[in-house]
Amino acid sequence: MKKAKVATLWLDGCSGCHMSILDIDEAIAAVAQKADIVFGPLVDAQVFPEDVDVTLVEGAVSSQHDYEQIKQVRENTRLLVALGDCAVTSNVPAMRNPFQVKKLLERIYVQGVDTKPGIPTEGVPTLMKRAVPVHEVVKVDLFVPGCPPPAAAIGFVLGELLEGRMPDLSSKVKFG
Amino acid sequence: MPQEISVRIDGELCRASEGQTILDVARANKKFIPTLCFLEGLTPSGSCRLCLVEVAGVGRLLPACTTPIQNGMSVNTNSEKLLRHRQTVMEFLLLERNHYCSICVCNNHCELQAMAQRLGVTHVRFPYNYPKLPVDVSHERYILDHNRCILCTRCVRVCAEVEGANVWEISGRGINSRLVAELNQPWGDSKACTKCGKCVQVCPTGALAEKGLGVEEMAKSNENIKWLAAKRGVHA
Ligand code: SF4
Ligand code: SF4
Ligand code: SF4
Ligand code: FES
C-alpha cells in the first residue's frame, strides 16, 4: 500500500502543538507504518512537496511570510487541519491585535531600550495588521482546538484520517 | 395554590403549574436546554439567548428561561435547527471580546468554555472583533476583566437582589455595552460594595475573579445562591 504523505507547519505558535504531536508516544509507530512525514519542523525538507495528503498547521497567520506559506500549503494539501488554539482562534498571538503594529514595535524595540534601540527590519518578515486564525485566510477541513490539543486527540485525528475517515470531534475537544 | 396545567415537551406529556417558565418545566422533566445568563435564585434576564426553544404555533424561537409556560403548550427543546442557532449564539459570544482560554484565570472552570464544548463548537466561523478593553484592578480583593465579560448580568442581579448593594449596571448599547460600577466609577471607589464576592462567584466566565490568582486558579461556587435568594425572598 502506498504510504500517505503527512506534513506539519509551524506558523505563529509556541511549538507546543508540535510537542503534543511528539507526545502521542507509541501511536507514532502506527502512524509511521501508514504515513511519511514529508515536511515540517520535525524533518529536514526545505521545500513543501506537491500533493500532500494531510497537513497539520500550528499557529496563527501573523506575518507576510505566514500568509504566503499557508497559501502555498493549501494549494498542495488535500486535507488541511488547524491544530491548536492559535491556528483555530488566533489565541495568544492575537493579543497584539487591539494595538497598531507600528506602536507595538516601537514600544518593544525603542521605548526604554538602552542598547541599540530600533525596529528590526533585516531577515524578519513584516507583521500583518492582525494575527488571524488559519480559516480566515484559507479553507480549513478540520479544527482541533486545545492549547495544546491533548496528544490523545491528535493520535485519534491522525488515526482516523489515515484510515480515510473524517474524525467527529464535536464535544471531544475544547478551547484552552 | 398555582393551577396545574399540562403541556408537551419534546412530545412527552408533562405536568406543570402556572407561573413556571418553559425552562423550569423542561428541567423538572430532565430535558437539557443550554443556559448561561440564567442562574437559579436570580430573576431571569433572557440576555444570552442560548436557551431558545421552538413552541408549536409560534413563528419565532422563544427564550425558555423567561417564557411562562401555558396550558396546552407544545415545546421542542432539541432539533437540528435549535442546535445550529445555539452554536451561532455561542460563536457570537466568543468573537465579541477577547477570549484566550489557555491563559485565563478561569480556564477549565468556565461555563462559557464548557458550553462551547458541549455544543460542539470547535471554531468560530466569523471574524473576531479584537476590541481594546480595560481591566479594572482598583478593587482591593477582586478584578474585572472586560475582555472576558459576556454581559450576562448575573453579577448585576446577584448584587441587587441577593446582596442588596446595587453596585453593578450595564451602560451603553449594543456592541458598546459595558458593565460599570456605580455610575461608571472604578470598582475600588464604590462605597456600596460590601466586598462580599457574590458577583465573582456567580460570574460564568473569567470576567470577575479574585485578585492575585494565576491561570486556571479561579474555580467558582454558586450553589448557595439559590438558598440565599430564598432567604431574601427573591422569587417568593
Ligand atoms: S472566560 Fe472562559 S471562554 Fe473566556 S477565555 Fe476565560 S476560560 Fe476561555
Ligand atoms: S462584591 Fe458583593 S457588594 Fe461588591 S459588587 Fe460584588 S456582589 Fe456587589
Ligand atoms: S462580569 Fe461576569 S457575571 Fe457580570 S455580566 Fe460580565 S460575564 Fe456576566
Ligand atoms: S439562559 Fe435564557 S437567555 Fe440566557
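Per chain, numbering begins at 1; letters A, B, ... match sequence-line order.
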Visitor: Is atom CZ of Arg165(A) surrounded by more than 12 heavy atoms (other residues, nucleotides or ligands) closer than 6.0 Å?
Guide: yes

Visitor: Nearest 0.5 Å, what's the CG-CG distance between Asn129(B) and Asn97(A)?
Guide: 11.0 Å

Visitor: Measure across Pro131(B) and Pro98(A) and return the closest heavy-atom pair with its distance rounded to 0.1 Å.
Guide: O-CG, 3.6 Å

Visitor: State whether the number of non-hydrogen atoms from other residues, nucleotides or ligands found under 6.0 Å of Phe126(B) atom CZ is greater than 12.
Guide: yes

Visitor: Under the criterion side-chain contact (heavy atoms from CB on, under 4.5 Å), which of Thr122(B), Asn108(B), Val121(B) is the partner of Lys174(A)?
Guide: Asn108(B)

Visitor: Quick check for you: to the nearest 0.5 Å, what is the distance between Tyr100(B) atom OH and Ser90(A) atom OG?
Guide: 6.0 Å

Visitor: Can you establish whether the number of heavy atoms outside Glu169(B) located under 6.0 Å from its atom CD is more than 12?
Guide: no

Visitor: Ignoring hydrogens and angles, tell me if any N or O in the side chain of His135(A) forms a donor-acceptor pair with the backbone of Val124(B) under 3.5 Å.
Guide: yes

Visitor: What part of Leu94(B) gets closer than 4.5 Å to chain A, counting heavy atoms only: side chain, backbone, both or neither?
Guide: side chain

Visitor: Around atom CD of Glu50(A), are there more than 12 heavy atoms of other residues, nucleotides or ligands at under 6.0 Å?
Guide: no

Visitor: Taking ring-ring contact (aromatic ring centres under 6.0 Å, His included) as the cut-off, I'd like each qualifying pair that reaches into residues 59-85 of chain A, sequence neighbours left out, listed once.
Guide: none

Visitor: Give me the atom names and distance for the closest heavy-atom approach of Ser171(A) to Arg118(B).
Guide: OG-O, 3.2 Å

Visitor: Around Arg178(B), counting heavy atoms of other residues, nucleotides and ligands shown, do more than 12 lie under 6.0 Å from its CZ?
Guide: yes

Visitor: Check each atom of Ala131(A) against the heavy atoms of chain B and say whether the ones under 4.5 Å are side chain, backbone, both or neither.
Guide: backbone

Visitor: Between Glu216(B), Lys132(B), Arg125(B), His123(B), which has the largest tally of heavy atom pairs under 4.5 Å with chain A?
Guide: His123(B)

Visitor: Working to the nearest 0.5 angstrom, can you tell me the gap between Asp85(A) CG and Ser102(B) OG?
Guide: 6.0 Å

Visitor: Chain A heavy atoms under 4.5 Å from Pro127(B): which part of the residue, side chain, backbone, both or neither?
Guide: both

Visitor: Taking NZ in Lys226(B) as the centre, count heavy atoms belonging to other residues, nucleotides or ligands within less than 6.0 Å. Is the count above 12?
Guide: no

Visitor: Could you please spell out the steps behind the side chain to side chain contact (heavy atoms under 4.5 Å, CB included) verdict for Arg130(A) and Tyr130(B)?
Guide: CA-CA 9 Å; Arg130(A) 285 172 164 185; Tyr130(B) 306 121; 3.7 Å; yes

